[in-house]
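Order of appearance sets the numbers: ligands from 1, and atoms from 1 within every ligand.
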Amino acid sequence: MKKVLIANRGEIAVRIIRACHELGLKTVAIHSTADRDSLHAKLADESICIGPGPSIKSYLRLPAVMSAIEISGADAVHPGYGFLSENAEFARICREYKVTFIGPAPEHIHSLGNKIEARAIALKAGVPMLPGSRGVIRTEDEALQVAAEIGYPMIIKAAAGGGGRGMKVVTKREDLMRQFQLAQSEALAGFGNPDCFIERYCARPRHIEIQLVADMHGNYAHLGERDCSIQRRHQKLVEEAPSPVVDKALREKIGQAAIRLAKAVGYVSLGTCEFLLDEDGQFYFMEVNTRVQVEHTVTEEVTGIDLVKEQIRIAMGEKLSFDPATVEIRGHAMECRINAEDPVSFAPWPGRVTAYHEPGGPGVRVDGMVYAGYTVPSLYDSMIAKLITKGRDRDECMARMRRALAEMKVDGIRTNIPFHEKLLADERFRRSEVHTKFLETFSMKD
Ligand code: MV4
């Protein structure tokens, strides 16, 4: 592997370019016409315009990306997150053209990307799961039968869904059929696949996810958990590692469950196994993400392992760079996603950044993409930077985050920095008495 094409934009493209350069690899950026002035296009050794602004005509257009790979002579491609990162067809075409896809095998992207298949795999691997349907629910009778087994409330999910889209909570029998039909039609419209399944509903869970790493030589490791309970409309806003409510014993239990799942399919590359953790400390399998995640940074900070370099080396056929038995979680890390949006209404707020200053000093990292004079385009997601702090413990980490948020300056547009400042001052957040519905009870207005 000599030259890597980064099939993405924004901060993750910059993050991947940095990892490649540290490994002595040449980089090729692709960008849309709306991203001509973007940092990733400037930092890469070469950059190629692949189409107009809308991502459907550029970053999501497989033939355009494949052409850029061919023209540039790249021998590998990193998909980042979002866009084509969990498109099994992309990974399959790369294999066909002998381009190294820096990610898992297409078969694993495909099977784990289907929540019903992933559930079946997890069940076989002995991973704890909420009671629910065994496969696709097709008829009213099947839905009623599952309801009789698991009771209410229950949740209907799309097999092809992700990030919580298209989920329906059902609290009583009278609502079941209407909600089920709604779920099916939304799944078909949103994902091109109407298949749905049913699970017992867990009311106030925490979102805990395990970072998995596996090489081609049969070595598997988990790098502990991230707590991603602070979300709004399935958009994570703050993530941290370790979880304030997971002790060493529970970490090992969840971590080993995730490893069993990975081993059951012979998974290779980075991966994330998502769990719900209920108020009794029981954990339940949710889904597997077969890509590098936005919040991988907090795991890097507490383990000292560069996950993106690890992912690239694994794709080159190298063994894990560390001994899984010696992985240690040291200190505490937190990530605040800085979005170009109104801090109160959460409405996107693209525009020209007139002045920009990143915080620094001990324990502060910024994974960004913005510079003074840059215009945040309106066509893509609103995240412009990730502010990551690390401390010996959670208190020091939070003190650094508050200090860093106060230092950060983004003029010309609105950002959610005031939201993060308010959150970090909230007593319930500081005590980590949070769950995935927490932000519904948290307002900028009081
Ligand atoms: C659930 C649930 C409660 N019970 N499943 C949302 C994202 C997807 N990974 C799974 N999700 C949920 N599944 C059962 N059986 C609640 C959620 C959920 C959620 C999970 C994690 C983080 C934020 C969330 C917000 C709303 C609902």
Side-chain angles (χ1 to χ4, degrees), residues 81-82 86 112-119 121-123 127-134 137 143 146-147 149-171 176 179-180 183 186-187 190-191 195-212 225-241 243-246 254 258 261 271-291 293-295 298 335 337 346 423 429 432-442:
Y81 54 69
E86 292 178 284
L112 295 170
N114 183 300
K115 269 141 219 68
I116 294 175
E117 269 191 64
R119 244 176 97 81
I121 293 164
L123 186 72
V127 179
M129 224 159 353
L130 285 159
S133 58
R134 265 164 298 282
I137 295 287
V146 175
E149 281 168 32
I150 67 174
Y152 297 91
M154 55 189 213
I155 185 166
I156 308 169
K157 298 182 178 183
R165 287 195 304 154
M167 303 191 314
K168 301 283 172 212
V169 179
V170 185
T171 53
L176 179 56
Q179 293 296 80
F180 183 70
E186 281 181 23
F191 319 112
D195 292 357
C196 288
F197 66 104
I198 295 177
E199 257 180 11
R200 187 171 81 207
Y201 179 64
C202 186
R204 295 177 142 209
R206 296 178 76 113
H207 173 125
I208 302 289
E209 57 185 34
I210 295 285
Q211 179 68 56
L212 286 168
E225 79 287 356
R226 297 184 282 262
D227 191 320
C228 311
S229 299
I230 300 294
Q231 316 202 354
R232 186 185 166 273
R233 298 193 182 164
H234 305 296
Q235 283 291 107
K236 295 169 186 160
L237 285 162
V238 178
E239 305 96 340
E240 57 187 300
S243 167
V245 299
V246 173
I254 311 179
L261 194 157
T272 299
C273 201
E274 289 186 8
F275 296 91
L276 292 187
L277 183 65
D278 73 11
E279 285 154 308
D280 308 326
Q282 298 293 316
F283 64 93
Y284 303 101
F285 172 76
M286 283 290 112
E287 54 192 79
V288 179
N289 299 312
T290 57
R291 58 173 190 275
Q293 293 200 257
V294 176
E295 62 271 24
V298 292
E335 172 178 279
R337 298 191 186 188
F346 296 96
L423 182 70
F429 176 78
S432 201
E433 291 165 4
V434 299
H435 48 78
T436 48
K437 293 259 195 301
F438 173 75
L439 286 187
E440 292 174 17
T441 66
F442 177 85

Worksheet item: Can you list the ligand 1 atoms lying under 4.0 Å from a non-hydrogen atom of R200?
Response: 4 (N), 14 (C), 15 (N)

Worksheet entry | Part of H234 with heavy atoms under 4.0 Å of ligand 1, whether side chain, backbone, both or neither | side chain

Practice prompt. Report the residue from Q293, E209, E295 that forms a side chain to side chain donor-acceptor pair (under 3.5 Å) with T272.
Written response: Q293

Worksheet item: Is there a nitrogen or oxygen of Y201 sitting under 3.5 Å from a nitrogen or oxygen of ligand 1?
Response: no

Item to complete: Would you mind checking if R226 and E335 are paired as a salt bridge, meaning a charged N to carboxylate O distance below 4.0 Å?
Response: no

Worksheet item: Should you measure from each heavy atom of E199, which atoms of ligand 1 turn up under 4.0 Å away?
Response: 5 (N), 14 (C), 15 (N)

Item to complete: Would you please say whether a donor-acceptor pair under 3.5 Å links the side chains of D227 and S243?
Response: yes

Discussion item. At less than 4.0 angstrom from any non-hydrogen atom of E287, what atoms of ligand 1 do you find?
Written reply: 8 (C), 9 (N)

Worksheet item: Heavy-atom contact under 4.0 Å between M167 and ligand 1?
Response: yes

Worksheet item: Is E225 salt-bridged to R206, going by a charged N under 4.0 Å from an acidic O?
Response: no

Worksheet item: Can you name the nearest heavy-atom pair linking P128 to F283, along with the distance?
Response: CB-O, 3.3 Å

Discussion item. I'd like to know whether ligand 1 has M154 as a neighbour, heavy-atom separation below 4.0 Å.
Written reply: no

Item to complete: Supply the atom-to-atom distance E86 CD to N289 CG, rounded to the nearest 0.5 angstrom.
Response: 5.5 Å

Worksheet item: Say you draw a straight line from CD1 of I198 to CD of E149; how long is it, rounded to the nearest 0.5 Å?
Response: 10.0 Å

Worksheet item: Atoms of ligand 1 less than 4.0 Å from L276 heavy atoms?
Response: 1 (C), 2 (C), 3 (C), 4 (N), 5 (N), 14 (C), 20 (C)

Worksheet entry | Sub-4.0 Å atoms of ligand 1 with respect to non-hydrogen atoms of E274 | 9 (N)

